[in-house]
J.: 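I have a structure here, written as structure tokens, and I will follow up with some questions on it.
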Amino acid sequence: MRIGEVAARTGLSLRTIRYYEEVGLVEPSARSQGGFRLYTEPDVARLDLVKRMKPLGFQLDEMREVLLLLHDHGRGELHPEHARRLRHYAEIAQRRCAELRERLETAEAFAAELRAPIQCEGTVT
């Protein structure tokens, strides 16, 4: 599929997909005769994975390593050291998810605090 379809499916902009290609996170599987980038389902899955790592604050080099480790795992070639590295990244992801949940709870409490005066219609403060 072409980059526009990939963008629509992943919710990523064309610019972001091109940037991810430039920094080595994803590479089109082929090019059309006209030079258009062509992607496969595994390419889209890789972009989806990158998209899910982004809000957890993974850096580009960490993303590259995670993608490589998961690719090796998918081929059944997970070396014990690679398994250790994947566990490390899983722990980081879990910790960052907990931090995000805590931030969300704080934000939701603040939003509720802002709504409270509005919901008490007729009350003068």
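These numbers come from the heavy atoms of this one structure, side chains and all, not from hydrogens, waters or symmetry mates. Residue numbers start at 1 and run along the sequence shown.
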J.: Could you check if a side-chain atom of R9 sits within less than 4.5 angstrom of a side-chain atom of E41, using non-hydrogen atoms only?
T.: yes

J.: Return the minimal non-hydrogen interatomic distance between M1 and T40, and the atom names on each side.
T.: CE-C, 4.2 Å

J.: Quick one: are R96 and F58 in side-chain contact, heavy atoms under 4.5 Å?
T.: yes

J.: Mind checking ring pair (Phe, Tyr, Trp, His ring centres under 6.0 Å) for H88 and listing every partner two or more places apart, or none if nothing turns up?
T.: none

J.: How long is the span from the OG1 atom in T16 to the NZ atom in K54, to the nearest 0.5 Å?
T.: 9.0 Å

J.: Nearest 0.5 Å please: distance from the CG atom of L86 over to the CG atom of L68.
T.: 9.5 Å

J.: So does A45 get a backbone contact from the side chain of D48, meaning a donor-acceptor N/O pair under 3.5 Å?
T.: no

J.: With the side chain counted from C-beta on, respond yes when L100 and L56 share a heavy-atom pair under 4.5 Å apart, and no when they do not.
T.: yes

J.: For the backbone of T10 and the side chain of K51, can you confirm whether one donor and one acceptor N or O come within less than 3.5 Å of each other?
T.: yes

J.: With a 4.5 Å cut-off on side-chain heavy atoms, are R37 and V6 touching?
T.: no

J.: Are E65 and Y89 linked by a side-chain donor-acceptor pair shorter than 3.5 Å?
T.: yes

J.: In Å and rounded to the nearest 0.5 Å, what is the CD to CG distance from E22 to L60?
T.: 10.5 Å

J.: May I ask whether F36 and L14 are part of the same hydrophobic cluster, defined by side-chain heavy atoms of I, L, V, M, F, W, Y residues being less than 4.5 angstrom apart, directly or through others?
T.: no

J.: Would you indicate whether E102, at its atom CD, is surrounded by more than 12 heavy atoms from other residues, nucleotides or ligands within a distance under 6.0 Å?
T.: no

J.: Would you mind reporting whether V50 and V26 have side-chain heavy atoms less than 4.5 Å apart?
T.: no

J.: Roughly how far apart are R64 CZ and M53 CE, rounded to 0.5 Å?
T.: 10.5 Å

J.: What distance separates R84 CZ from L69 CG, expressed to the nearest 0.5 Å?
T.: 10.0 Å

J.: If you link I, L, V, M, F, W and Y whenever their side-chain heavy atoms are under 4.5 Å apart, who else ends up in the same group as F110?
T.: L114

J.: When you measure from the side chain of R18 to the backbone N and O of S13, does any donor-acceptor pair fall under 3.5 Å?
T.: no

J.: Taking the side chain as C-beta and beyond, is there a heavy-atom pair between Y39 and I3 under 4.5 Å?
T.: yes

J.: Please report the closest heavy-atom contact between D43 and P28, naming both atoms and the distance.
T.: OD2-C, 4.3 Å

J.: Got a second to check how far D61's CG is from L25's CG, nearest 0.5 Å?
T.: 10.0 Å

J.: Evaluate the side-chain proximity of R31 to L38: yes if any heavy-atom separation is below 4.5 Å, no if none is.
T.: no

J.: A side-chain contact here means heavy atoms from C-beta on lying under 4.5 Å apart; do V23 and M63 qualify?
T.: no

